[in-house]
Amino acid sequence: MSTIDIGTKVAGVSFRSCLYNASGPRCTTKEELVGLGESHSGAIMMKSCTIEPREGNPKPRYACFEHCSIQSMGLPNLGYEEYLKFVDELAEFNKPVVASIAGLSLNDYVTMTKAFQDSNVSLIELNLSCPNIEGKPQVAYDIEQTEATLSAVAELGSIPLGLKLPPFYDRSFHESMAELVLKYNIRFLSCINSIGNTLIIDADKGTPALRAKHGYGGLSGPCIKPIALANVRIFHELLGDNVSIVGVGGVQTGTDVYEYLLAGASAVQIGTMYEEEGVGCFERIENELGTILKEKGYTRATDAVGALKEQ
Ligand code: RRO
C-alpha cells in the first residue's frame with residue numbers, strides 16, 4: 001500500500017481517489033454500476049442517459065487495436081428514470097455518484113437536469129459531445145447551441161454542473177467555451193470525449209471495422225492522449241483553479257495519470273483501459289500512480305496539479 005494521498009476534489013466534492021471510470025464502457029447496467037461501487041474507482045460515473053431507453057447502434061460497434069479503440073455505440077442506455085432509481089443505492093458506497101446526461105434536444109437536457117438536481121447524485125456531467133448519433137451534430141462544436149443549452153440548465157439546482165467536451169484544436173474555441181463556462185457557473189470540464197467521425201478499415205474484409213454510421217466512429221485510447229492533454233492544459237490555463245478539469249483519453253498507467261495531473265487535471269477518467277481490463281484497472285493504476293508520485297517527491301496527488309514546467 002502506498003502512503004501517498006491520491007484523493008482529490010472535483011467542483012468541491014471530495015474523491016478518495018482521483019481515478020474513476022469514463023462515461024461509456026461498463027457503466028450502463030445496475031450490475032456494472034454496483035461493480036464500480038465495490039471497486040477502487042474513485043467515483044461511480046454513469047453511462048450517458050437519454051429520456052427514453054435506447055438499444056444503441058447495430059453491432060459490430062466497438063473494436064480495439066494496440067494504440068486505439070473505435071466505437072459507435074449510439075447511446076445505449078436504460079433511460080434516465082431507471083438511473084434515478086439506482087442513485088440512492090449507489091450513494092451507499094460512500095463515493096460520488098455522477099450522472100451523465102445526453103439530450104437529443106434542448107428540452108431533454110432541461111428535463112433530465114431538473115430530475116437529477118432533485119436526486120442524490122454528487123455531480124452532473126452534461127454530455128455535449130456524443131459523436132455517434134446520425135443527424136445530431138455534437139452540441140459543443142456549435143457555440144450558440146451550447147449557450148442556449150447552458151442558459152436553460154444553469155439555474156435548476158445546486159448540484160455542480162460540468163461539461164463533457166469534444167476535442168478542440170484551435171485556441172479560439174477553447175476561449176469561447178471558457179467564457180461560457182464562467183458565465184453559466186460550470187464547475188468542471190471533462191476533456192475529452194472520443195474524436196468523432198474517424199474511420200478504421202479492415203483491409204482483409206475490405207469493410208470498415210464498424211457497421212453503424214457507415215463505419216464512422218469515435219476514436220479513443222492512447223493515440224488520443226496528446227490531444228486530450230493539450231485540451232486539459234489549455235482549459236486549466238484559461239480557467240485556473242475555479243473550474244476543475246478532469247482528463248480523459250488513453251490512460252493505461254500511473255505515468256499517464258501523472259502527466260494529466262501535471263497538465264492541470266484534478267482527476268482522470270479511464271475508458272478504453274477499463275473496457276479492456278475491467279475494474280481491476282483502478283487498483284493497478286492507483287498503485288502505479290502512488291509509486292510515480294513518490295519517486296517525484298510528492299506526498300499528495302493534488303500537489304502535482306498544473307505543476308508542468310517549461311522546457
Ligand atoms: O454512446 C456513444 O456512442 C458515445 C457517447 Br454517448 C459519447 O459521448 N461518446 C462516444 O464516443 N460514444
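Counting from 1, the numbers follow the sequence of the chain as shown. Start at 1 and go down the list; that is how both ligands and their atoms are numbered.
- In terms of hydrophobic clustering, with Ile, Leu, Val, Met, Phe, Trp and Tyr side chains grouped at heavy-atom distances under 4.5 Å, Phe15 and Val268 are assigned to different clusters.
- Looking at Lys47, Arg61, Gln71, Gln138, it is Gln71 that brings a heavy atom closest to atom 11 (O) of ligand 1.
- Residue Cys68 is tested with Cys223, Pro222, Ser220, Ser194 for a side chain to side chain contact (heavy atoms under 4.5 Å, CB included); the sole match is Cys223.
- Under the 4.5 Å side-chain criterion, counting only non-hydrogen atoms from C-beta, Cys191 is not in contact with Val248.
- Below 4.0 Å from some heavy atom of Ser194 lie the following atoms of ligand 1, by number and element: 10 (C), 11 (O).
- Considering backbone and side-chain atoms together, Asn193 places an N or O closer than 3.5 Å to an N or O of ligand 1.
- Ion pair Glu179/Lys183 not flagged as a salt bridge, since none of the NZ, NE, NH1 or NH2 atoms sits closer than 4.0 Å to an Asp/Glu carboxylate oxygen.
- For the pair Asn132 and ligand 1, the shortest N or O to N or O distance falls below 3.5 Å.
- For the pair Gly74 and ligand 1, a heavy-atom separation below 4.0 Å is found.
- In this structure, Phe235 and Phe168 have perpendicular ring planes: the angle between them is above 60°, well past the 30° mark.
- At least one heavy atom of Cys130 sits closer than 4.0 Å to an atom of ligand 1.
- Counting heavy atoms from C-beta on, the side chains of Ile101 and Tyr109 come closer than 4.5 Å.
- Listed by number with element, the atoms of ligand 1 under 4.0 angstrom from any heavy atom of Asn127 are 6 (Br), 7 (C), 8 (O).
- Contact annotation: for Leu75 versus ligand 1, heavy atoms closer than 4.0 Å belong to both the backbone and the side chain.
- Remark: ligand 1 atoms within the under-4.0 Å shell around heavy atoms of Met73 are 1 (O), 2 (C), 3 (O).
- Ile285 places a side-chain heavy atom less than 4.5 Å from the side chain of Val257.
- Taking only nitrogen or oxygen atoms, main chain and side chain alike, Pro131 does not reach within less than 3.5 Å of ligand 1.
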